[in-house]
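For reference, the structure discussed in these notes is given below.
The structure presented is a predicted model; accordingly, all values stated were derived computationally and were not measured.
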Amino acid sequence: MIDLIVLAAGLPGLDDQALLAAHRGKPLYRHSFEAARQTADAMLGLRVTVVTRPGVLDEAIRDFGFNKVVVSANRPLSQAVIAGAKAARSGASRCFLPCGRPEVTGGRLTEFLQGYILSGRPLGRMGEGDATVFAPYLLPQLLALKGEEDGSAIFQGREGRTFLFRAPAPSEEGETAPEKGPEA
């Protein structure tokens with residue numbers, strides 16, 4: 001069981017204005033929302049929660065059928081991650097998708113999560129900063145994050161226990177298979 005947590009708050013440089021700015025013909029947030037919706041439609045049981053600020057993206061979150069968690073403005077990234085981690089179902093792996101990553105499509109996100117499941121590994125990483133996933137037993141470490149920490153430090157020393165997915169560049173999509181990390 002996986003819960004997908006879209007981080008639309010707490011990310012450095014991604015304020016409300018940036019989320020709503022047009023990118024490739026639609027608001028930036030919409031790329032991540034569409035990827036999340038496609039992935040949820042492809043993977044039964046996947047639940048999507050958006051971490052946002054008060055009054056931001058409310059209508060879009062409702063229209064996409066996502067759950068919402070609100071963090072107050074000017075909170076550090078760790079507080080957005082913690083809020084999302086707490087909102088996930090007990091026993092669920094927690095996948096974090098930073099909003100504002102238009103290169104992460106629903107197809108790529110689905111491939112990443114399916115590969116993570118098949119790998120049997122406790123951690124997963126899609127590219128650099130695109131998406132990360134943590135097994136349920138890592139929840140205490142997520143809840144202990146401080147300041148601008150995003151959970152990346154949890155991967156240190158666990159390279160052999162991490163599923164790595166390097167999505168091909170958009171022009172190469174479908175030509176490159178995911179790369180798995182070294183066997184544990």
For this session: Before giving the answer on side chain to side chain contact (heavy atoms under 4.5 Å, CB included), spell out for C95 and L113 the whole-Å C-alpha distance, their side-chain angles and the decisive distance to 0.1 Å.
Result: CA-CA 8 Å; C95 178; L113 290 176; 3.8 Å; yes
Problem set entry | Criterion side chain to side chain contact (heavy atoms under 4.5 Å, CB included) on V81 and V51, from CA distance to verdict | CA-CA 8 Å; V81 172; V51 180; over 6 Å; no
For this session: Please step through side chain to side chain contact (heavy atoms under 4.5 Å, CB included) for the pair R125 and S152, ending with a clear verdict.
Result: CA-CA 9 Å; R125 179 173 262 165; S152 295; 3.6 Å; yes
Exercise. Does the pair L4 and T49 meet the rule for a side chain to side chain contact (heavy atoms under 4.5 Å, CB included), with working shown?
Worked result: CA-CA 6 Å; L4 176 60; T49 299; over 6 Å; no
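Among all heavy-atom pairs drawn from R94 and A88, the shortest one is NE-CB, 3.4 Å. The heavy-atom pair separating S78 from G147 by the smallest distance is OG-O, 2.7 Å. Residues V104 and D130 come closest through the heavy atom pair CG2-CB, 3.7 Å. Contact between S32 and P98 at its shortest, heavy atoms only, is OG-O, 3.8 Å. The two atoms that bring S119 and F163 nearest to each other are OG-CB, 3.6 Å, heavy atoms only. Heavy atoms only, all atoms of each residue included: I5 and G84 are closest at CD1-O, 3.3 Å.
Sorted by first and then second residue, the pairs that involve residues 55-70 and meet salt bridge (charged side-chain N to carboxylate O under 4.0 Å, His left out), not counting sequence neighbours, are D58-K68. Under the salt bridge (charged side-chain N to carboxylate O under 4.0 Å, His left out) criterion, the residue pairs touching residues 30-51 are D3-R47, K26-E34, R30-E34, R37-D41, with sequence neighbours excluded.
Every residue meeting the side-chain contact (heavy atoms from CB on, under 4.5 Å) condition with L143, not counting sequence neighbours, appears here in chain and number order: I82, A85, K86, L139. Remark: F155 pairs with F134 by the ring-ring contact (aromatic ring centres under 6.0 Å, His included) rule, at least two apart or across chains. Checked against ring-ring contact (aromatic ring centres under 6.0 Å, His included), F33 has the following partners two or more places apart in sequence or in another chain: Y29, F64, F66.
Under the 3.5 Å distance criterion, the side-chain polar atoms of T39 are matched with a main-chain donor or acceptor of G106. Under the 3.5 Å distance criterion, the side-chain polar atoms of T162 are left unmatched by any main-chain donor or acceptor of L123. At distances below 3.5 Å, at least one donor-acceptor pair connects side-chain atoms of E149 with backbone N or O atoms of K146. Looking only at distances, a side-chain donor or acceptor of R158 sits under 3.5 Å from a matching main-chain atom of I154.
Hydrophobic clustering (ILVMFWY, side-chain heavy atoms < 4.5 Å, transitive): Y137 and I2 are in one cluster.
Distance CD/Q38 to CE/M43: 13.5 Å, rounded to 0.5 Å. The distance from the CG atom of L77 to the CG atom of L7 is 6.5 Å, given to the nearest 0.5 Å. Here CD1 of I117 is found 8.0 Å from OG of S93. Values are rounded to the nearest 0.5 Å. Distance check: L97 CG to F112 CZ gives 9.5 Å after rounding to the nearest 0.5 Å.
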Per-pair distances, 0.1 Å, donor-acceptor, side chain in residues 69-76, under 3.5 Å, sequence neighbours excluded:
none

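Side-chain contact between E111 and M126 is absent, with no heavy atoms from C-beta onward closer than 4.5 Å. Residues R89 and M1 are in side-chain contact: their nearest non-hydrogen atoms beyond the backbone lie under 4.5 Å apart. Within the 4.5 Å cutoff, side-chain heavy atoms of I61 are placed close to those of T52.
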